[in-house]
Amino acid sequence: NETDLEKYNGYDMIITQPLSEDKILNNEIEKVKIYKEIIKDYCKSNKLLIKSHPRETTNYNEFFDCLILNQLFPLEIITFNKNIKLNRIITISSTSINIIENCKEKIFLGWEWLDKQKNKERN
């Protein structure tokens with residue numbers, strides 16, 4: 001049950017964005033590769049949550065073996081639940097990261113980081 005969040009203390013969480021849907025990336029496969037890079041480089045724990053964006057169509061369950069908080073799950077539930085303390089929250093540029101206080105570390109990668117990743121793929 002994804003609303004029983006206390007069991008996810010110490011997890012890392014990625015807040016995704018509709019990068020392929022908004023044509024920032026060419027397709028879903030590129031987007032999944034970007035999120036796999038983020039996991040490899042920034043997720044220090046083997047415990048991971050992925051919170052997908054409400055406008056995304058990607059079924060992250062097909063690509064990742066972790067808990068996926070679906071598009072309709074309100075991120076505010078994590079903020080209001082003081083019994084959960086996440087380890088890291090990572091996003092490329094979601095401002096939703098700003099509302100979550102109950103975590104040890106926030107990593108806001110930014111659009112420049114994404115551009116560097118896209119350029120690495122081309123070279």
Side-chain angles (χ1 to χ4, degrees):
N1 181 348
E2 64 183 25
T3 57
D4 183 19
L5 291 171
E6 287 87 10
K7 63 184 171 195
Y8 303 113
N9 277 320
Y11 274 56
D12 292 333
M13 181 170 68
I14 295 175
I15 302 172
T16 68
Q17 294 175 271
L19 301 173
S20 55
E21 293 82 356
D22 289 352
K23 307 293 185 234
I24 295 165
L25 296 175
N26 293 325
N27 55 54
E28 185 177 70
I29 298 304
E30 280 187 18
K31 178 170 65 172
V32 168
K33 280 177 78 172
I34 291 290
Y35 287 121
K36 286 183 177 186
E37 281 295 311
I38 290 172
I39 291 167
K40 182 173 70 82
D41 293 345
Y42 295 95
C43 295
K44 299 304 179 197
S45 149
N46 62 354
K47 303 182 289 186
L48 178 65
L49 299 168
I50 293 178
K51 168 58 180 97
S52 57
H53 188 278
R55 287 190 292 107
E56 280 187 283
T57 58
T58 301
N59 179 356
Y60 285 101
N61 287 305
E62 291 180 12
F63 303 101
F64 299 96
D65 184 22
C66 64
L67 180 70
I68 311 296
L69 300 175
N70 74 38
Q71 293 93 325
L72 301 177
F73 181 90
L75 203 51
E76 292 80 4
I77 287 177
I78 291 173
T79 301
F80 298 142
N81 186 334
K82 300 304 177 199
N83 295 321
I84 183 172
K85 180 82 167 181
L86 296 171
N87 186 40
R88 284 184 163 178
I89 300 175
I90 306 126
T91 189
I92 294 171
S93 70
S94 174
T95 56
S96 295
I97 198 170
N98 297 324
I99 67 166
I100 301 173
E101 295 302 325
N102 42 342
C103 66
K104 291 181 184 170
E105 183 179 10
K106 295 179 186 181
I107 300 174
F108 190 93
L109 297 169
W111 293 117
E112 280 185 22
W113 178 90
L114 182 61
D115 287 341
K116 286 178 188 168
Q117 298 303 310
K118 288 166 41 175
N119 288 334
K120 268 202 270 182
E121 292 294 318
R122 288 188 199 114
N123 297 331

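Below, all heavy atoms of this structure are taken into account, side chains as well, without hydrogens, waters or symmetry copies. Everything numeric in this text was worked out from a predicted model, so none of it was measured.
Judged by distance alone, the side chain of Thr91 and the main-chain N or O of Ile15 form a donor-acceptor pair under 3.5 Å. In this structure a side-chain-to-backbone donor-acceptor pair under 3.5 Å is present from Asn9 to Asn83.
Side-chain contact between Leu75 and Met13: present, with at least one pair of heavy atoms (C-beta onward) separated by less than 4.5 Å. Counting heavy atoms from C-beta outward, Thr58 and Thr16 have side chains that stay 4.5 Å or more apart. Inter-residue side-chain proximity for Ile34 and Glu30 is flagged as unmet; no heavy-atom pair is nearer than 4.5 Å. When side chains are defined from C-beta on, Tyr35 counts as touching Tyr60, because their heavy atoms get closer than 4.5 Å.
Considering CD1 of Ile90 and CD1 of Ile14, their distance stands at 5.5 Å, rounded to 0.5 Å. Going from atom CD1 of Ile50 over to atom CZ of Phe63 covers 11.0 Å, rounded to the nearest 0.5 Å. Atom CG of Leu48 and atom CD1 of Ile68 lie 7.5 Å apart (nearest 0.5 Å). If you take CD1 on Ile97 and CD1 on Ile107, they are separated by 8.0 Å, rounding to the nearest 0.5 Å. Atom-to-atom distance recorded for Leu25:CG and Lys31:NZ is 8.5 Å, nearest 0.5 angstrom.
Minimum interatomic distance between Cys66 and Asn61 (heavy atoms only, all atoms of both residues): O-OD1, 4.3 Å. Contact detail for Ser52 and Asn70: the closest heavy-atom pair is OG-C, 3.6 Å. Across all non-hydrogen atoms, the minimal contact from Pro18 to His53 is CD-CG, 3.5 Å. When all heavy atoms of Phe108 and Ser94 are compared, the pair lying nearest together is CE1-O, 3.7 Å.
With sequence neighbours excluded, the residues satisfying side chain to side chain contact (heavy atoms under 4.5 Å, CB included) with Cys103 are Leu86, Ile89, Lys106. Legend: residues meeting side chain to side chain contact (heavy atoms under 4.5 Å, CB included) with Asp65, ordered by chain and number and at least two apart, are absent. Partners of Lys40 under the salt bridge (Lys or Arg N to Asp or Glu O under 4.0 Å) rule, at least two apart in sequence or in another chain, are Glu37. Residues satisfying the salt bridge (Lys or Arg N to Asp or Glu O under 4.0 Å) criterion with Glu28, sequence neighbours excluded, are absent altogether. Under the rule for a side chain to side chain donor-acceptor pair (under 3.5 Å), the partners of Thr57 that lie at least two apart in sequence or sit in another chain are Glu21. With sequence neighbours excluded, no residue satisfies salt bridge (Lys or Arg N to Asp or Glu O under 4.0 Å) with Glu62. Residues satisfying the side chain to side chain contact (heavy atoms under 4.5 Å, CB included) criterion with Asn102, sequence neighbours excluded, are Ile78, Ile84, Ile100. Residues passing the salt bridge (Lys or Arg N to Asp or Glu O under 4.0 Å) test with Asp22, sequence neighbours excluded: Arg55. With sequence neighbours excluded, the residues satisfying side chain to side chain contact (heavy atoms under 4.5 Å, CB included) with Lys104 are Lys85, Asn87. Applying the side chain to side chain donor-acceptor pair (under 3.5 Å) test to Tyr11 and every residue at least two apart in sequence or in another chain returns nothing.
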Next item on the list: Show your reasoning for whether side-chain contact (heavy atoms from CB on, under 4.5 Å) applies to Ile92 and Ile38.
Entry: CA-CA 9 Å; Ile92 294 171; Ile38 290 172; 3.9 Å; yes
Check: Taking it one step at a time, do Asp12 and Tyr42 satisfy side-chain contact (heavy atoms from CB on, under 4.5 Å)?
Finding: CA-CA 9 Å; Asp12 292 333; Tyr42 295 95; over 6 Å; no
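Listed by first then second residue, pairs satisfying salt bridge (charged side-chain N to carboxylate O under 4.0 Å, His left out) with a partner in residues 88-99 read Arg88-Glu105, not counting sequence neighbours.
Transitive grouping of hydrophobic side chains (ILVMFWY, heavy atoms separated by less than 4.5 Å) keeps Ile77 and Phe80 in distinct clusters.
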